[in-house]
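Hydrogens, waters and symmetry mates are skipped; everything else that's a heavy atom, side chains included, is used. Letters go in sequence order (proteins before strands), and every chain restarts at 1.
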Protein chains: 2
Amino acid sequence: MSLATDRGKLQPADKPTLYKQIRIDIERRILTGEWPPGHRIPFEHELMSRYGCSRMTVSKALSELAQADLIERRRKAGSFVRRPTFLSAVLKIADIRAEISALGRSYGYELIQCSRRPANATDRTRLGAGKSGKVIAIACRHSADNVPFAIEDRLIDLDAVPEAAAADFATEPPGSWLLHHVPWTEAEHSISAIVADEQAAAALDIAIGAPCLVIDRHTWRSARPLTAVRLLYPGESHKLVARFRGG
Amino acid sequence: MSLATDRGKLQPADKPTLYKQIRIDIERRILTGEWPPGHRIPFEHELMSRYGCSRMTVSKALSELAQADLIERRRKAGSFVRRPTFLSAVLKIADIRAEISALGRSYGYELIQCSRRPANATDRTRLGAGKSGKVIAIACRHSADNVPFAIEDRLIDLDAVPEAAAADFATEPPGSWLLHHVPWTEAEHSISAIVADEQAAAALDIAIGAPCLVIDRHTWRSARPLTAVRLLYPGESHKLVARFRGG
DNA sequence: CGTATCGATATGTCTATACATAAAATCGTA
DNA sequence: TACGATTTTATGTATAGACATATCGATACG
């Protein structure tokens, strides 16, 4: 897992066109604290004359800053540095295969169990689906350099994702397959910690009672549940990187 | 903690100006999979005639989609739906006081220890600072409805954040104070799980050996370390919400 | 056959202008 | 003074046109 910025991104020294120059000038003043939250940014026509350009150019810079949530624009009042109420960071979650490969380690995948069945009450609750037809239930294990890395327990709604019926989860991890084949609009994650029970300990090759990081992820497309997954990692750390502060 | 989208955000049914209409039209096609990754979006002048508007209007819609990382624009070639290689989600981390208040629970704060001292070798390593002068070391406990919620162990670089010397951490949690007073440009998070040792168990009022979620956060401004903090939560879940898929 | 050049083309930036719209500020009147 | 109508103002959206620039593809050349 890795966290990186969004909010317009820290530009990679693009050749500074004028509007970009204006944008990073303002960004710099905000990020250094020279213009604190609540500060009114100079009016567009002030920036026009300061930079000797048209209002459209200034406006483009301000629009991007607004889209990035660094400033707030209010008609008649002006533009203001946003008051941060949250730390905001973009979480980039690679699928586990890509994550392990990116670390330069060899990826291993093992399908433990895969069944297609009509959804029972537990499945429906887990997916959050009202009525539900068939589901695919998958249990599998990911390993890095032949050491267990995570175990995965997943449910896929076959009505919402009929293409999944044709996928071969014996050879391709379901997370990778879904990431590359199924667009989604919303996801929700819950992070928690548990201690390994006998089964988890055996699958992860750790001691019973050892700490595990748990990630539960639910994914929807337009409010329709697609999949629910629980990932269990041995307690060691997963890194996230964030940039910028946010509103 | 709560995760929400960036990438332009799921618009709250803004009155649909033309460029926004174009934007959400394209967004819809991407998100439903009608235009899969790699698909070439109609050329700007095709969209111009389809919507009967000027190129600037079309371009504004595409620019926002590009800033949101949903598409990639290439000169001469056209604009293309981005190939998702990551799940992308915006992590919004409220400071703990705000987080607990938002849940409608009463917030309690208890300063356990606070000292100002020259940085020792351990402090420097932890902050990642080369040379370092003074630091503030803080240990404190947050509670919700009088139940321990998290314990915090923090180091603040006083040279980088001299204003911190004047803050009163006996009454205001350091996370809240920093969030509202100190702009930052980069942060890095590590999430892991441990089992409570005797000290943590006592502070959190849980059993020794019970699982704890650990978040280590380092924060910088322009590559200069500002603060390092370790938060220890009892194992129950922390929710995150993400939207859209990303590149 | 491989390479250099050049034209066509789609996006990238910018201008000058116009009108719309939301909201602050002012004024006028009850 | 209080309240409602009017004016002012800064942003929001949109246009038409201009030139810049990257790059694909074709043509010409060695």
Side-chain angles (χ1 to χ4, degrees), chain A residues 8-9 11-27 29-30 35 37-83 247, chain B residues 8-9 11-27 29-30 35 37-83 247:
Chain A
K9 79 205 46 163
Q11 32 256 86
D14 259 332
K15 79 201 43 159
T17 57
L18 184 45
Y19 93 87
K20 247 171 210 158
Q21 192 54 53
I22 299 173
R23 183 190 199 275
I24 64 180
D25 272 10
I26 296 173
E27 210 164 76
R29 286 183 221 254
I30 294 174
W35 287 350
H39 176 92
R40 210 208 70 234
I41 278 153
F43 293 124
E44 294 188 355
H45 83 268
E46 298 182 63
L47 293 170
M48 279 173 69
S49 57
R50 175 180 310 183
Y51 289 95
C53 65
S54 76
R55 191 164 75 91
M56 280 296 291
T57 303
V58 169
S59 185
K60 175 151 186 167
L62 295 180
S63 292
E64 287 197 2
L65 289 168
Q67 194 184 342
D69 246 4
L70 269 179
I71 67 170
E72 189 191 339
R73 305 177 80 187
R74 289 207 307 273
R75 281 182 142 113
K76 159 73 184 181
S79 298
F80 300 83
V81 178
R82 283 207 59 149
R83 207 169 290 280
Chain B
K9 79 206 44 169
Q11 32 257 88
D14 259 334
K15 76 201 46 160
T17 57
L18 184 47
Y19 92 87
K20 246 169 213 160
Q21 193 51 56
I22 299 173
R23 184 189 198 273
I24 64 180
D25 272 10
I26 296 174
E27 211 164 76
R29 285 182 221 255
I30 294 174
W35 288 350
H39 177 90
R40 210 208 71 233
I41 278 154
F43 293 125
E44 294 187 357
H45 73 268
E46 298 183 63
L47 292 170
M48 278 172 69
S49 57
R50 174 178 312 182
Y51 289 94
C53 65
S54 75
R55 191 163 77 88
M56 279 296 291
T57 303
V58 168
S59 186
K60 175 151 186 167
L62 294 180
S63 292
E64 287 197 2
L65 289 168
Q67 194 184 342
D69 246 5
L70 270 179
I71 67 170
E72 189 189 341
R73 305 177 80 186
R74 288 207 307 274
R75 280 180 144 114
K76 159 75 183 177
S79 298
F80 300 83
V81 178
R82 284 207 60 148
R83 206 168 290 282

Next item on the list: Indicate yes or no for a side-chain donor-acceptor contact from B:Glu44 to the backbone of B:Val58 under 3.5 Å, with no hydrogens or angles considered.
Entry: no

Checklist line | Nucleotide D:dA10, atom P - distance to CG of A:Leu47 in whole Å | finding: 12 Å

Next item on the list: Please determine, by modelled atom types, if A:Tyr51 and A:Gln21 share a side-chain donor-acceptor pair under 3.5 angstrom.
Entry: no

Margin query: Given A:Val81, which partner from the list A:Ile26, A:Leu65, A:Ile30 fulfils the side-chain contact (heavy atoms from CB on, under 4.5 Å) test?
Written below: A:Ile30

Notebook entry, point to check: Rounded to whole angstrom units, what separation is found between the CD atom of B:Glu72 and the P atom of C:dA10?
Noted result: 18 Å

Check: What heavy-atom pair brings A:Leu47 and A:Pro42 nearest, and what distance separates the two atoms?
Finding: CD1-O, 3.6 Å

Notebook entry, point to check: Taking all atoms of both residues into account, what is the closest heavy-atom pair of B:Ser63 and B:Arg73, and its distance?
Noted result: OG-NH1, 3.1 Å

Notebook entry, point to check: What is the distance, rounded to the nearest whole Å, between atom CZ of A:Arg23 and atom P of C:dT13?
Noted result: 12 Å

Check: Taking NE2 from A:His45 and C1' from C:dT15, how many angstroms apart are they, rounded to a whole number?
Finding: 18 Å

Next item on the list: Mark up nucleotides 12-19 of chain D, 5' to 3', with B wherever a protein heavy atom is under 4.0 angstrom from a base atom, S wherever such an atom reaches only the sugar-phosphate, and - elsewhere.
Entry: BBBBBBB-

Margin query: Just the rounded figure in Å: distance from C1' of D:dT23 to CZ of B:Phe80.
Written below: 12 Å

Check: Any idea which heavy atoms bring B:Leu62 and B:Ile71 closest together, and the distance?
Finding: O-CD1, 3.6 Å

Check: For A:Met48 and C:dT13, what is the distance between atoms CE and P respectively, to the nearest whole Å?
Finding: 19 Å

Next item on the list: Could you tell me the separation between the CD atom of B:Glu46 and the P atom of C:dT9, rounded to a whole number of Å?
Entry: 14 Å

